[in-house]
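Since the structure is predicted, the reported quantities are computational estimates derived from the model, not experimental observations.
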Amino acid sequence: MKVLTSTSATRVATASVVAGLLTAGLSAGALTTAAQAAELPPGAGRVGVLSGSGQVHVKEGNLHSPWVLDIATGIDRFDLAGDRVGVLDTGGTLWVKKDNLHTRWERLADGVRDFRLAGDRVGIVRTDGTAAVKEGPLDSRWDEQANGVGELEITPDRIGVVATDGQVNVKEGGLDAPWVPQIGSIANLELSGDRIGVVRTDGTAAVKESNLWSNWVEQTNGVVDLELSGSLVGVVLDTGLATVKEGNLYAGWVDQLGGAADLEISGDRIGVLRTDGSAVVKDGGVHGPWVEQTSGLKQLRLATAAPTSTAGHVSIGDITAIYGSSYSTDTVAAGLPSLNQVMAEKGITTPTRKAAFLATLKHESGFRYNAGEAGNSDVYRGRGFIQLTSAANYGSAGRDLGHDFLNNPSDAASLQWSARIAGWYWTVARNINAAADAYDMGAVGRAIGYSYALDPTETGNRCTSYKRALAHFNGGSLPVPESAIDCTR
């Protein structure tokens with residue numbers, strides 16, 4: 001999403017805009033007491049575009065589906081989240097609809113400069129620089145957040161603002177949670193799950209993860225747009241190149257497309273709005289094929305469905321509850337059955353073992369069975385849930401599992417073998433269950449062997465991820481005093 005660069009939008013007569021919205025099927029009547037925002041049906045996804053003439057079109061289903069929503073009035077910007085669609089008209093009025101694409105619109109606020117949708121939250125920045133957020137049904141009351149706001153970002157669990165002086169503050173939890181100062185001289189802010197990303201006014205980008213007090217990890221420079229989603233970090237550079245990394249914050253970049261003006265990521269989908277106004281979207285993550293969408297555009301948005309939960313020791317619901325809905329993708333869901341089978345076989349079933357395992361996989365692969373070490377051309381580069389690396393490990397895994405990974409290295413990132421390799425490394429190559437039993441996340445890190453030099457914040461971040469998962473699997477609180485958890489690698 002772009003940083004707000006104007007304190008006011010081009011105005012037209014509010015009465016005429018509302019009249020046009022009513023003609024297009026919008027209702028300016030009393031607000032209804034609707035149910036809270038819901039997810040899209042399993043397997044569904046939405047692509048939305050705003051044309052240069054102010055028309056919004058949305059499609060649902062696969063990338064070749066027809067456009068079904070057409071608002072032929074002056075729309076300044078729009079957003080998608082779950083089953084909600086929001087539009088801001090050029091008169092500064094915010095309209096939102098939920099459920100299917102043919103339901104009535106509700107008028108939520110006037111005097112709005114910008115807005116965001118996330119889960120059952122709606123956030124606005126007014127023309128006077130005040131920001132407010134509501135959550136729950138569309139007729140919920142607004143909860144005032146801050147003054148002097150240049151940009152607002154929200155997730156189902158976090159709220160972030162960039163003040164007009166460039167200072168970023170983020171809060172976590174309820175709408176009345178306290179603000180935690182982050183960083184200054186910021187032009188653009190992004191939130192996703194437990195990650196926070198910023199683009200500074202000098203064009204450099206940095207991302208942090210795990211908690212609001214963790215350290216920033218520098219990403220790249222010359223950035224004009226930043227996007228976060230789950231284990232993916234994407235940027236558009238001032239050269240027009242859209243590039244994405246997957247996994248750890250120090251992973252290599254995978255170039256996507258040139259001539260880009262804006263980048264959007266949601267679940268396993270990546271979309272690019274080109275500088276010529278055309279849009280393309282791909283399914284399947286960083287290596288999927290592009291599908292042309294339409295042209296003459298000034299904005300692109302994506303929304304994807306949460307996959308159905310998987311029964312077992314770990315479900316999509318567990319991952320979402322611990323690390324945020326941005327990790328709830330079809331790829332993650334596809335790998336969970338094999339992962340749960342291996343966890344049962346290897347005894348990774350107690351709260352502390354599951355927590356250590358999940359925290360490791362989050363930072364190794366973002367829970368993606370097919371993750372690869374981007375930017376590394378080595379034959380035996382990191383692959384799979386736990387990023388199997390080096391010929392020695394490929395050979396050892398192959399001898400124990402009865403498969404020739406040395407001559408078939410890409411199999412390490414396959415659905416058939418990725419979880420089995422993770423289980424082998426966890427219990428055969430290393431005895432990591434013992435470290436987890438001792439609440440020693442530092443020893444878990446030493447056994448995994450990630451590069452401390454590449455990212456000195458990684459140890460603390462993994463330990464924070466472990467504590468989050470441990471509390472979740474222990475019913476909401478840690479089973480031991482926090483001081484009993486050893487984070488030192």
Side-chain angles (χ1 to χ4, degrees), residues 17-18 20-51 54-89 93-109 115-124 134-140 154-156 264 266-269 271 279 281 283 291 293-294 297 299-309 316-317 320 325-326 328-330 333:
V17 172
V18 172
L21 291 169
L22 289 169
T23 300
L26 294 162
S27 170
L31 298 179
T32 61
T33 55
Q36 293 190 9
E39 292 295 331
L40 293 167
R46 288 179 176 177
V47 179
V49 294
L50 173 63
S51 72
Q55 295 179 332
V56 171
H57 306 266
V58 179
K59 63 167 62 177
E60 185 172 293
N62 64 52
L63 297 179
H64 301 280
S65 299
W67 302 101
V68 297
L69 178 62
D70 186 358
I71 306 174
T73 53
I75 303 303
D76 181 64
R77 61 193 63 196
F78 82 106
D79 201 7
L80 304 176
D83 68 349
R84 290 182 172 184
V85 183
V87 296
L88 179 63
D89 68 35
T93 298
L94 173 63
W95 308 79
V96 178
K97 66 162 59 184
K98 66 181 299 295
D99 299 323
N100 66 66
L101 296 177
H102 305 285
T103 55
R104 290 161 59 89
W105 294 86
E106 306 295 345
R107 183 174 182 169
L108 264 60
F115 77 101
R116 297 289 186 270
L117 304 178
D120 68 349
R121 286 182 170 181
V122 182
I124 57 173
K134 64 166 64 183
E135 62 183 356
L138 294 179
D139 62 347
S140 300
I154 62 175
T155 73
E264 294 293 319
S266 179
D268 293 324
R269 282 185 170 176
V281 180
D283 278 320
V291 178
Q293 297 299 300
T294 188
L297 307 177
Q299 194 180 7
L300 169 71
R301 288 288 182 266
L302 304 175
T304 50
T308 54
S309 186
I316 280 289
T320 298
S325 59
S326 55
S328 183
T329 72
D330 290 339

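Contact of the Arg301 side chain with the Glu264 side chain is registered, since non-hydrogen atoms from C-beta on lie closer than 4.5 Å. A heavy-atom distance below 4.5 Å is not found between the side chains of Leu108 and Phe115. Side-chain contact between Lys98 and Leu138 is present, with heavy atoms from C-beta onward closer than 4.5 Å. Within the 4.5 Å cutoff, side-chain heavy atoms of Val85 are placed close to those of Leu101. With a 4.5 Å cut-off on side-chain heavy atoms, Leu88 and Trp95 do not count as touching.
With rounding to the nearest 0.5 Å, the separation of CZ in Arg77 from CG in Asp89 is 12.0 Å. Taking CG from Asp79 and CZ from Arg116, the interatomic distance works out to 6.5 Å, rounded to the nearest 0.5 Å. Rounded to the nearest 0.5 angstrom, Asp330 CG and Asp268 CG are separated by 5.5 Å.
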Subject >> Residue pair Val58, Leu80: steps toward the side chain to side chain contact (heavy atoms under 4.5 Å, CB included) verdict >> reply: CA-CA 9 Å; Val58 179; Leu80 304 176; 4.2 Å; yes

Subject >> Pair Val122-Arg84, side chain to side chain contact (heavy atoms under 4.5 Å, CB included): steps then yes or no >> reply: CA-CA 10 Å; Val122 182; Arg84 290 182 172 184; 3.7 Å; yes

Original post:
Could you go step by step and tell me if Arg107 and Thr93 meet the side chain to side chain contact (heavy atoms under 4.5 Å, CB included) rule?
Top reply: CA-CA 7 Å; Arg107 183 174 182 169; Thr93 298; 3.5 Å; yes

Original post:
For Glu106 and Val96, what are the C-alpha separation, side-chain angles and deciding distance, and is it a side chain to side chain contact (heavy atoms under 4.5 Å, CB included)?
Top reply: CA-CA 5 Å; Glu106 306 295 345; Val96 178; 5.6 Å; no

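When all heavy atoms of Leu300 and Val49 are compared, the closest pair comes out as CD1-CG1, 3.9 Å. Pairing each heavy atom of Arg269 with each of Arg46, the nearest pair is NH1-N, 3.9 Å. Of all non-hydrogen atoms in Ala81 and Gly119, the two that sit nearest each other are CB-N, 4.3 Å. Nearest heavy-atom pair, Ala109 versus Ile124, reported as atom, atom and distance to 0.1 Å: CB-CD1, 4.1 Å. Nearest heavy-atom pair across Gly86 and Leu117 is N-CD1, 3.5 Å.
Shown here are the side chain to side chain contact (heavy atoms under 4.5 Å, CB included) partners of Ser325, two or more places apart in sequence or in another chain: Pro156, Thr320. Remark: Ser266 engages Leu302, Thr304 in a side chain to side chain contact (heavy atoms under 4.5 Å, CB included) (not counting sequence neighbours). For His102, the side chain to side chain contact (heavy atoms under 4.5 Å, CB included) partners are Asn100, not counting sequence neighbours. Evaluation of the side chain to side chain contact (heavy atoms under 4.5 Å, CB included) rule for Val291 yields Leu63, His64, Gln293 as partners, not counting sequence neighbours. A search for side chain to side chain donor-acceptor pair (under 3.5 Å) contacts involving Ser326 returns Ser192, not counting sequence neighbours. Looking at residues two or more places apart in sequence or on another chain, you find no side chain to side chain donor-acceptor pair (under 3.5 Å) involving Ser140.
For the pair Gln299 (side chain) and Phe78 (backbone), a donor-acceptor distance under 3.5 Å is present. Between the side chain of Lys59 and the backbone N or O of Ser65 there is at least one donor-acceptor pair closer than 3.5 Å. At least one donor-acceptor pair under 3.5 Å links the side chain of Lys97 to the backbone N or O of Thr103.
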